[in-house]
There are 2 protein chains.
Amino acid sequence: MAEQEGACLIRGDGGAALRAVLDRIADKWALLIVATLDRRRLRFTDLRRELPAVSQRMLTRTLRNLERDGLVSRTAHREVPPRVEYALTATGRSLLAPALVLARWAREHGAELER
Amino acid sequence: MAEQEGACLIRGDGGAALRAVLDRIADKWALLIVATLDRRRLRFTDLRRELPAVSQRMLTRTLRNLERDGLVSRTAHREVPPRVEYALTATGRSLLAPALVLARWAREHGAELER
DNA sequence: CCGCATCCACCACGATACTG
DNA sequence: CAGTATCGTGGTGGATGCGG
């Protein structure tokens with residue numbers, strides 16, 4: 001019954017709400033960046049060091065998207081040399097729980113995804 | 001602490017496991033089709049009727065992907081006229097719970113995603 | 001230190017038309 | 001009924017180089 005209700009919740013509006021979320025977090029790096037910022041406030045260069053696989057361009061782009069979506073806050077200190085810090089907003093932190101559920105599923109069922 | 005552990009779970013392998021899952025379900029229609037097949041076995045045309053927004057091409061392609069990934073089973077009955085039925089596999093059903101968590105988050109926080 | 005600009009390959013997605 | 005074939009478009013993401 002809970003599952004039947006679940007499918008309805010997903011299909012409710014034709015999946016638009018769920019897709020709107022996926023469109024914003026399902027790119028290659030967004031969730032990884034959010035997870036890296038968990039309970040930390042990091043500078044741009046710190047993020048680069050923590051995520052060496054992310055190109056500079058995509059790190060900038062993804063951070064801008066996350067900022068626009070209200071998941072990450074950007075603080076530019078007017079200093080020399082420049083210093084910019086990124087942190088999760090309340091909304092960003094609340095996203096970690098759903099992401100964690102997906103990550104758990106990936107660990108348990110990832111092997112069942114062929115190829 | 002659970003959350004701290006959560007971020008580690010997400011970042012564990014550089015996010016590869018989570019991305020592997022997202023790459024497969026984050027397209028425009030996959031999760032919607034999975035939700036539509038919840039506890040039902042449907043024919044191709046039934047799916048088209050339930051999901052009018054999905055073009056015929058994308059329905060075919062997405063079903064093929066879901067089948068390849070082991071989330072959906074395809075049964076072609078050798079009859080005239082042809083009859084093909086789609087249903088969730090055990091793995092496919094297990095995906096509904098994480099999807100539901102995301103859908104709930106979308107309902108609660110979707111309004112906070114600007115623009 | 002923190003980016004932005006440019007160029008380019010690739011793929012998701014849609015529209016349309018056709019088939020066993 | 002259940003697809004396949006073809007074409008076209010937009011967006012993503014990598015490499016590289018420049019700028020304040």
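A quick note: this is a predicted structure, and the numbers were derived from the prediction, not measured. A, B, ... follow the sequence lines: proteins, then strands. Residue 1 opens every chain.
Between B:Arg74 and D:dG3 there is a side-chain polar atom (N or O) within less than 4.0 angstrom of OP1 or OP2. Distances shorter than 4.0 Å separate some side-chain N or O of B:Tyr86 from OP1 or OP2 on D:dG3. When the side-chain nitrogen and oxygen atoms of A:Arg57 are compared with OP1 and OP2 of D:dT16, none of them lie within a distance under 4.0 Å. Of the side-chain N and O atoms in B:Thr45, one or more sit less than 4.0 angstrom from OP1 or OP2 of D:dA2. Listed pair A:Arg61 / D:dT12 meets the phosphate criterion, a side-chain N or O lying under 4.0 Å from OP1 or OP2. At least one side-chain nitrogen or oxygen of A:Arg64 sits closer than 4.0 Å to the OP1 or OP2 atom of C:dG3.
Formation of a donor-acceptor pair under 3.5 Å by the B:Arg48 side chain with backbone atoms of B:Phe44 is not found in this model.
Note on B:Arg49 versus B:Asp46: salt bridge recorded, some NZ/NE/NH1/NH2 to OD/OE distance being below 4.0 Å.
With no hydrogens or angles considered, a side-chain donor-acceptor pair links B:Thr91 and A:Glu112 at under 3.5 Å.
If you measure from atom CE of A:Met58 to atom P of D:dG11, you get 14 Å, rounded to the nearest angstrom. Atom CD in B:Glu85 sits roughly 12 Å away from atom P in D:dG3 (whole-Å rounding). For A:Asp27 and C:dC11, the CG to C1' distance is 15 Å, given to the nearest whole Å.
Between B:Val84 and A:Asp23, the one whose closest nucleotide on DNA chain D sits nearer the 5' end is B:Val84.
A cation-pi arrangement is absent between B:Arg61 and B:Trp29 under the rule of less than 6.0 angstrom and at most 45 degrees off the ring axis.
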